[in-house]
A.B. asks: 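Got a structure here, written out as structure tokens. Questions coming.
Quick note: numbers below take in every heavy atom, side chains included, and nothing from hydrogens, waters or symmetry partners. Residue numbering restarts at 1 for every chain, and letters A, B, ... go by the order of the sequence lines.
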Protein chains: 2
Amino acid sequence: MSIDGQLPPKARLLRAAAELLANSGGSAVSTRQVTQLAGVTAPTLYHHFGDKEGLFDAVVAAGFDEYVAGERDFAPSGQPLEDIRRMWDNHVQFGLKQPELYLVMFGNIRPESRPAIVADAEALMEEMLNKAAVSGQLNVPPKEAARSILAANVGVTLMLIAEKVPERNLELSAMTRDAMIFAVSTEQARDNGSVDSGKSSVVVAAIALNAALQASHSDQLSSSELKLFLEWLHRISNSSTS
Amino acid sequence: MSIDGQLPPKARLLRAAAELLANSGGSAVSTRQVTQLAGVTAPTLYHHFGDKEGLFDAVVAAGFDEYVAGERDFAPSGQPLEDIRRMWDNHVQFGLKQPELYLVMFGNIRPESRPAIVADAEALMEEMLNKAAVSGQLNVPPKEAARSILAANVGVTLMLIAEKVPERNLELSAMTRDAMIFAVSTEQARDNGSVDSGKSSVVVAAIALNAALQASHSDQLSSSELKLFLEWLHRISNSSTS
DNA sequence: TAGCACCTATAGCAACGCTATATGAACTGC
DNA sequence: GCAGTTCATATAGCGTTGCTATAGGTGCTA
């Protein structure tokens with residue numbers, strides 16, 4: 001049993017590692033298993049990937065492309081928060097479909113050696129949340145919202161993976177998901193699924209902020225700062241006449 | 001260097017394993033390290049604990065007692081949901097104080113071999129949530145609420161552990177915590193004051209404008225003006241914390 | 001053809017989790 | 001008081017792990 005084809009050894013190693021990870025059923029995957037399945041000897045592996053973790057990282061990178069592709073396919077809707085829901089579900093599905101790969105990506109957390117994958121996933125979610133923020137649907141800064149939602153998303157997925165298949169209750173995921181999205185969204189977004197979305201933009205936001213600032217006596221800026229700030233705000237508000 | 005005392009070998013093994021786990025700094029702890037530090041040979045370990053995992057489980061059980069003790073100390077207040085908040089914080093603190101131990105307890109998730117600890121922690125939280133349910137403060141069954149909250153709690157803690165110490169932002173924890181508690185609580189409980197999202201409209205508007213500005217490349221302000229403007233905006237966006 | 005990267009294989013090291021077997025010590029029944 | 005049994009520990013080593021020092025082959029450029 002080997003992964004031949006005429007593929008070069010590097011590709012065969014990747015394919016073998018991915019297959020073993022996907023089918024290992026929770027037990028560890030050894031370099032010897034991988035090299036044997038790839039029809040290659042140990043030094044080849046270490047020549048191409050440095051070490052075992054390097055190989056797995058490469059597999060994960062491929063898996064992450066798939067993950068991202070899934071996330072992006074779901075993204076075109078005009079409702080950012082609805083897209084976040086789909087991202088969440090896609091994340092969970094990815095974890096349940098390929099638990100071994102997922103554990104390598106999100107489970108093996110170690111201080112000082114955090115996989116870049118997590119940061120990428122975070123950025124992906126932040127990007128989407130940014131759209132929500134633009135249309136005034138967000139209660140907190142997108143970056144923090146992304147971290148918070150992703151943390152809960154990972155926690156739920158890990159818990160579901162840890163459960164035996166027949167006992168898995170996706171209700172857990174749905175409930176946690178909605179709780180997190182609800183928590184970061186504004187009332188406006190909650191009432192109206194879509195909001196005005198399209199035309200929001202800088203001007204609308206500036207006008208809203210302008211009104212809110214003048215009504216609230218915020219003390220985050222000094223009076224001189226505030227004066228200048230309001231002047232700029234005014235400039236922005238009046239700028240795009242379109 | 002060994003853990004002598006006149007303690008029996010079993011206790012010495014436990015102590016040695018706990019110490020190595022606490023100081024391992026993320027790298028794996030081997031049975032040989034443990035037995036050497038305990039001044040014992042391998043079969044003794046396997047006689048008492050079956051295998052490596054059995055030993056670590058025993059260490060974890062001791063650590064869990066400490067964890068539970070912390071949770072129970074916090075519990076006597078009359079407001080169950082407030083107690084849940086403290087349980088959450090205690091959980092996070094436990095994870096940050098003893099990350100290695102925590103990773104063994106909650107991080108090494110594998111299908112089919114889920115540590116009993118997780119179930120125990122779940123039961124502990126469910127017990128507390130039950131009190132909330134009795135007094136009509138709960139929106140969903142306590143069991144599901146416990147699973148959901150714990151999943152998010154673990155996710156947040158893992159994410160915080162994965163971050164380098166100086167970058168750790170406990171706001172992430174507080175925000176996620178409140179979101180989860182809010183989601184499972186009834187309106188009655190929310191009015192009671194334990195949970196409050198309370199962002200002013202200024203903050204919401206500032207967040208929206210911030211996102212809109214960064215997305216639109218507006219040219220109404222010079223780059224130096226824009227820089228300062230964004231800095232102030234950031235200040236406003238981050239001003240209100242729970 | 002000579003030289004030079006690049007790639008792969010042979011062989012093996014040190015460390016790992018774990019165990020078959022044996023030996024001492026402590027208790028039990030008579 | 002002694003044989004039998006059980007518990008607890010040690011000696012020695014098995015099979016596997018991640019990884020590498022070294023060497024050889026292959027194809028390209030000069």
Side-chain angles (χ1 to χ4, degrees), chain A residues 1-21 23-60 100-101 103-105 107-108 110 112-113 115, chain B residues 1-21 23-60 100-101 103-104 107-110 112-113 115:
Chain A
M1 207 196 305
S2 75
I3 293 203
D4 298 84
Q6 270 91 336
L7 285 83
K10 185 171 180 177
R12 271 183 292 165
L13 279 168
L14 273 176
R15 191 167 296 192
E19 179 176 328
L20 286 175
L21 269 178
N23 302 336
S24 65
S27 57
V29 175
S30 72
T31 59
R32 281 177 167 83
Q33 288 176 309
V34 175
T35 54
Q36 181 185 345
L37 180 59
V40 171
T41 53
T44 306
L45 190 163
Y46 292 93
H47 172 72
H48 287 292
F49 298 101
D51 60 0
K52 183 184 183 180
E53 194 179 322
L55 170 63
F56 284 3
D57 280 353
V59 173
V60 161
E100 320 307 330
L101 195 56
L103 285 180
V104 173
M105 288 170 68
N108 262 352
R110 296 260 156 72
E112 313 296 323
S113 86
Chain B
M1 210 193 306
S2 75
I3 292 202
D4 296 85
Q6 270 89 336
L7 286 81
K10 186 170 179 178
R12 271 183 290 165
L13 279 168
L14 273 175
R15 191 167 295 192
E19 179 176 328
L20 287 174
L21 270 178
N23 302 336
S24 66
S27 58
V29 175
S30 71
T31 59
R32 280 175 166 82
Q33 288 177 308
V34 175
T35 54
Q36 182 184 343
L37 180 58
V40 172
T41 53
T44 305
L45 190 162
Y46 292 93
H47 173 71
H48 287 291
F49 300 101
D51 60 1
K52 182 184 184 179
E53 193 180 322
L55 170 62
F56 284 4
D57 280 352
V59 173
V60 161
E100 320 306 332
L101 195 56
L103 285 180
V104 172
N108 263 352
I109 296 179
R110 296 258 157 73
E112 314 295 323
S113 88

A.B. asks: What contact category does A:Val34 fall into here, base, sugar-phosphate, or nothing, at under 4.0 angstrom with non-hydrogen atoms?
C.D. replies: nothing
A.B. asks: Provide, to the nearest angstrom, the distance between the NZ atom belonging to B:Lys52 and the P atom belonging to C:dG17.
C.D. replies: 4 Å
A.B. asks: When the distance from NZ of A:Lys10 to C1' of C:dC6 is rounded to whole Å, what number comes out?
C.D. replies: 13 Å
A.B. asks: Check whether any side-chain N or O of B:His47 sits under 4.0 Å from OP1 or OP2 of D:dA8, and answer yes or no.
C.D. replies: yes
A.B. asks: Measure from CD on B:Glu53 to C1' on C:dG17 and round the result to the nearest Å.
C.D. replies: 12 Å
A.B. asks: Quickly work out the B:Gln33 CD to C:dG17 C1' distance and round it to whole Å.
C.D. replies: 13 Å
A.B. asks: Rounded to the Å, how far apart are B:Leu20 CG and C:dC16 C1'?
C.D. replies: 15 Å
A.B. asks: Ignoring backbone atoms, establish whether B:Tyr46 has a side-chain N or O less than 4.0 Å from OP1 or OP2 of C:dC18.
C.D. replies: yes
A.B. asks: Do the side-chain N or O atoms of A:Thr44 get closer than 4.0 angstrom to the phosphate oxygens (OP1, OP2) of C:dC7?
C.D. replies: no
A.B. asks: Without decimals, in angstroms, what is the distance between B:Leu45 CG and D:dC7 P?
C.D. replies: 19 Å
A.B. asks: Starting at atom CZ of A:Phe49, determine the distance to atom C1' of C:dC7, rounded to an integer number of angstrom.
C.D. replies: 13 Å
A.B. asks: Could you walk me through whether B:Leu21 and B:Val59 pass the side chain to side chain contact (heavy atoms under 4.5 Å, CB included) check?
C.D. replies: CA-CA 9 Å; B:Leu21 270 178; B:Val59 173; 4.1 Å; yes
A.B. asks: Looking at D:dT9, D:dT17, D:dA10, which one has an atom nearest to any side-chain atom of B:Pro43?
C.D. replies: D:dA10
A.B. asks: Does a nitrogen or oxygen in the side chain of A:Thr41 sit under 4.0 Å from OP1 or OP2 of C:dT8?
C.D. replies: no
A.B. asks: Taking it one step at a time, do B:Leu13 and B:Leu45 satisfy side chain to side chain contact (heavy atoms under 4.5 Å, CB included)?
C.D. replies: CA-CA 7 Å; B:Leu13 279 168; B:Leu45 190 162; 4.2 Å; yes
A.B. asks: Any side-chain N or O of B:Thr31 below 4.0 angstrom from OP1/OP2 of C:dG17?
C.D. replies: yes
A.B. asks: What are the two closest non-hydrogen atoms of A:Val29 and A:Lys52, and how far apart are they?
C.D. replies: O-NZ, 2.9 Å
A.B. asks: Report yes if a side-chain nitrogen or oxygen of A:His48 is closer than 4.0 Å to either non-bridging phosphate oxygen (OP1 or OP2) of C:dT8; otherwise report no.
C.D. replies: yes
A.B. asks: With side chains defined as the heavy atoms from C-beta onward, is the minimum distance between A:Val34 and A:Leu55 less than 4.5 Å?
C.D. replies: yes
A.B. asks: Tell me the interatomic distance from A:Gln36, atom CD, to D:dT16, atom C1', rounded to whole angstroms.
C.D. replies: 13 Å
A.B. asks: Hey, which of these two, A:Arg32 or A:Val40, hits DNA chain C nearer its 5' end, going by closest nucleotide?
C.D. replies: A:Val40
A.B. asks: If we check side-chain contact (heavy atoms from CB on, under 4.5 Å) with A:Phe49, which of these qualifies: A:Leu14, A:Asp57, A:Thr31, A:Thr44?
C.D. replies: A:Leu14
